There are 2 protein chains.
Amino acid sequence: MAARATRGFGQYSGVARAVERVGERWALLIVRDLLAGARRYSDLKAGLPRIPTNILSDRLKELQEAGVVRRVPTVRGGYELTALGRALEPVVLELERWGWATLGSPAEGELLTADALAVALRAAFQADASRELPPTEYVLHVGAVSMSAIAAAGALDVLAIGPDALPQPGRRLAAAAPADVLELTVEVASFRPLLAGADEVATVLAGTDELLARFARTFRMTPAPHSDAADAADDASVA
Amino acid sequence: MAARATRGFGQYSGVARAVERVGERWALLIVRDLLAGARRYSDLKAGLPRIPTNILSDRLKELQEAGVVRRVPTVRGGYELTALGRALEPVVLELERWGWATLGSPAEGELLTADALAVALRAAFQADASRELPPTEYVLHVGAVSMSAIAAAGALDVLAIGPDALPQPGRRLAAAAPADVLELTVEVASFRPLLAGADEVATVLAGTDELLARFARTFRMTPAPHSDAADAADDASVA
DNA sequence: CGGGATCCCAAGCGATACTG
DNA sequence: CAGTATCGCTTGGGATCCCG
């Protein structure tokens, strides 16, 4: 019983190690929310409404043991990512991109949180396109959440705004207040079409058509390599 | 009881969807092995020695329902990735890179399979460095597994070799037989130091020192953002 | 009142045995 | 070889309870 190998996969492999460390249920969603900034226990719970409190508590303990998360000493119930945890950002963004491909319309009872929206925007960001465009601030209202995204020279800075915005790192982009500002509103159900390029689903509150086109070039999440049918045979073969 | 929401996270988010689809235990390891080529049930079982057969069976069924995997009609027990499944490659490579950071020496009973090695090499590949170097073939013997990796102009082609090499896509690189060939052997325990740059742990069977230096530039996996201690406060803050 | 711990039940996982 | 069936154990889900 000392040798409880039940947790491991018996593989000397980076993927196996990664899944052992952050593959438990809910763990990557906690990391996703912490990527947007330090959070308190109750903030995490509010952003993950369906997580049982004991599971949140267990995961936070495990993530601390794994060196991914640590407590913020100055804040009661505060947690933040370590450097190792922040190194998960590429993993989370790739998962977001892939998951988007399999994402339909929001199901009954599913909600879009501010932290989820921030990750989606960062995953959809087209750095190359942004480099060719002037610095621009995009203020988005998606359902009940509001974000400000500043894109400048291939860099992106996303910030939740509004009365219930949670603490987060301050703006880092030098051009903190671009002259060009686009503000628009979409329903949650229309957000996916919007990122697919259907910019007519958005209501422009402020800004020109040219800025809207700029948005469409800057943020883009392509729907999917549609899974079934006509997925013609390629170079793979079985002897 | 119709609304069995027990499987979902209640989030409208790409990360949540991705984890719902491929986050079950063992699922990503199955995908990892299938990324190297189509596999039969028994091949998967052999490459994942600790997976219970019922779990492998369940996962393959679930992955088919998720549109990630499909059966190879011409081969009894054959499975391969769909286009959607192949789109998981960036996710798997990022997980491999991150997992490598938390990877120590191989634990008792852990084994390094050919498919795991192939993914590690692809994750370690430095396309930029490769572009500045002549086409080269690297033949690696790591423990009991052998691979041939051809790097040419920023592209990489990895192929398991030897008597028990499993079926896999054929070589794709035009320069199928570079003039420069390096062949080397390492113990499994020395493979991680090797990719960290300690090229003296390898025994060169064929090739020059210059080719060994080329290897070190072409394949590199940096150890870690060491998790604890001295992880100084940065721009994150809690109000 | 926010932050977590405890309980019980159900579902998922792991090992072995068995069948087409 | 390619799975299915069964069973005990572990883990997650949901509600409740306790502590500072």
Side-chain angles (χ1 to χ4, degrees), chain A residues 1 3-11 16 19-20 22-30 33-34 38-64 69 71-80 109 164 166-167 238-239, chain B residues 1-11 16 19-30 33-34 38-65 69-80 109 164 166-167 238-239:
Chain A
M1 45 205 60
R4 295 305 289 147
T6 174
R7 189 123 290 273
F9 294 97
Q11 301 251 329
V19 174
E20 287 165 9
V22 295
E24 301 295 304
R25 199 161 159 78
W26 293 104
L28 277 172
L29 292 181
I30 295 170
D33 283 7
L34 288 176
R39 293 284 177 267
R40 289 183 304 178
Y41 191 91
S42 51
D43 300 330
L44 291 168
K45 203 150 159 21
L48 271 12
R50 290 243 272 259
I51 195 172
T53 177
N54 58 337
I55 298 295
L56 177 55
S57 180
D58 288 354
R59 289 295 167 274
L60 286 170
K61 252 175 278 182
E62 293 164 12
L63 290 172
Q64 284 178 82
V69 159
R71 305 197 67 131
V72 180
T74 58
V75 178
R76 262 219 18 123
Y79 295 89
E80 67 184 351
D164 37 40
L166 288 169
V238 171
Chain B
M1 48 199 54
R4 296 302 292 142
T6 175
R7 189 124 290 273
F9 294 97
Q11 300 252 327
V19 173
E20 285 165 10
R21 298 263 185 285
V22 294
E24 301 295 304
R25 197 161 158 77
W26 292 104
L28 277 171
L29 292 180
I30 294 171
D33 284 7
L34 289 176
R39 294 283 178 266
R40 288 183 305 179
Y41 192 90
S42 51
D43 300 330
L44 291 169
K45 204 151 161 22
L48 272 11
R50 291 242 272 256
I51 194 173
T53 179
N54 59 336
I55 297 296
L56 177 55
S57 178
D58 288 353
R59 289 294 166 274
L60 285 169
K61 250 174 282 181
E62 294 164 12
L63 290 172
Q64 284 178 81
E65 280 170 34
V69 159
R70 75 177 153 211
R71 305 197 67 129
V72 180
T74 58
V75 179
R76 236 188 82 86
Y79 294 90
E80 66 184 353
D164 37 41
L166 288 169
V238 169

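Heavy atoms only: backbone and side chains are in, while hydrogens, waters and symmetry mates are out. The chains referred to below are lettered A, B, ... by the order of the sequence lines, with proteins before strands, and numbering in each begins at 1. Values in this document were obtained by computation on a predicted structure and should not be read as measured data.
Spacing between atom CG of A:D43 and atom C1' of C:dG3 amounts to 12 Å, rounded to whole angstrom units. Spacing between atom CZ of A:R25 and atom P of C:dA11 amounts to 13 Å, rounded to whole angstrom units. Taking atom CG of A:L48 as the reference point, atom C1' of D:dG14 lies 16 Å away to the nearest angstrom. Rounded to an integer number of Å, the gap from CD of A:E24 to P of C:dG12 is 15 Å. Following rounding to the nearest Å, B:I55 (CD1) and D:dA2 (P) show an atom-to-atom distance of 19 Å. Between B:L44 atom CG and D:dC1 atom P the separation is 14 Å, expressed in whole Å. Counting to the nearest Å, the P atom of C:dC13 and the NZ atom of B:K61 are 13 Å from each other. Remark: P of C:dG4 and CZ of A:R40 are 11 Å apart, rounded to the nearest angstrom.
In this model, the phosphate group of C:dC1 is not approached by any side-chain N or O of A:Y41 to a distance below 4.0 Å at OP1 or OP2. The phosphate of D:dA2 has OP1 or OP2 within less than 4.0 Å of a side-chain N or O from B:S42. Side-chain N/O atoms of B:R59 include one lying less than 4.0 angstrom from OP1 or OP2 on C:dC13. Regarding contacts with the backbone of D:dG3, a side-chain N or O of B:R71 is found under 4.0 angstrom from either OP1 or OP2. When the side-chain nitrogen and oxygen atoms of B:K45 are compared with OP1 and OP2 of D:dG3, none of them lie within a distance under 4.0 Å. The phosphate of D:dG12 has neither OP1 nor OP2 within less than 4.0 Å of any side-chain N or O from A:R50.
Stem analysis of DNA chain D (at least three stacked-register Watson-Crick or G-U pairs, each with both distances under 3.5 Å) gives C:1-19 with D:2-20.
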Whether each nucleotide of nucleotides 15-20 of chain D has a protein heavy atom under 4.0 Å at its base (B), only at its sugar-phosphate (S) or at neither (-) is summarised, 5' to 3', as BB----
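Residues that satisfy the side chain to side chain contact (heavy atoms under 4.5 Å, CB included) test with A:S42, not counting sequence neighbours, are A:R40. With sequence neighbours left out, B:E20 forms a side chain to side chain donor-acceptor pair (under 3.5 Å) with no residue at all. By the side chain to side chain donor-acceptor pair (under 3.5 Å) test, A:E24 is found to be paired with A:R7, residues two or more places apart in sequence or in another chain being considered. Under the side chain to side chain contact (heavy atoms under 4.5 Å, CB included) criterion, B:R76 pairs with no residue at all, not counting sequence neighbours. For A:N54, the side chain to side chain contact (heavy atoms under 4.5 Å, CB included) partners two or more places apart in sequence, or in a different chain, are A:P52. For A:T53, the side chain to side chain donor-acceptor pair (under 3.5 Å) partners at least two apart in sequence or on another chain are A:Y41.
Closest-nucleotide positions on DNA chain D for A:D58 and B:D58 were compared, and the one nearer the 5' end corresponds to B:D58.
Looking only at distances, no side-chain donor or acceptor of B:E62 sits under 3.5 Å from a matching main-chain atom of B:S57. Using a distance-only test at 3.5 Å, with no hydrogens or angles considered, no donor-acceptor pair links the side chain of B:R25 to the main chain of A:G23.
The nucleotide whose nearest atom lies closest to any side-chain atom of B:S57 is, among D:dT4, D:dG12, C:dG14, D:dT4. The side chain of B:Y79 has D:dG3 as its nearest neighbour among D:dG12, C:dG14, D:dG3.
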Could you give me the CA-CA distance, side-chain angles and deciding distance for A:L56 and A:K45, then say whether side-chain contact (heavy atoms from CB on, under 4.5 Å) is met? CA-CA 8 Å; A:L56 177 55; A:K45 203 150 159 21; 4.1 Å; yes
Step-by-step side-chain contact (heavy atoms from CB on, under 4.5 Å) determination, A:V72 to A:Y79: CA-CA 5 Å; A:V72 180; A:Y79 295 89; 5.7 Å; no
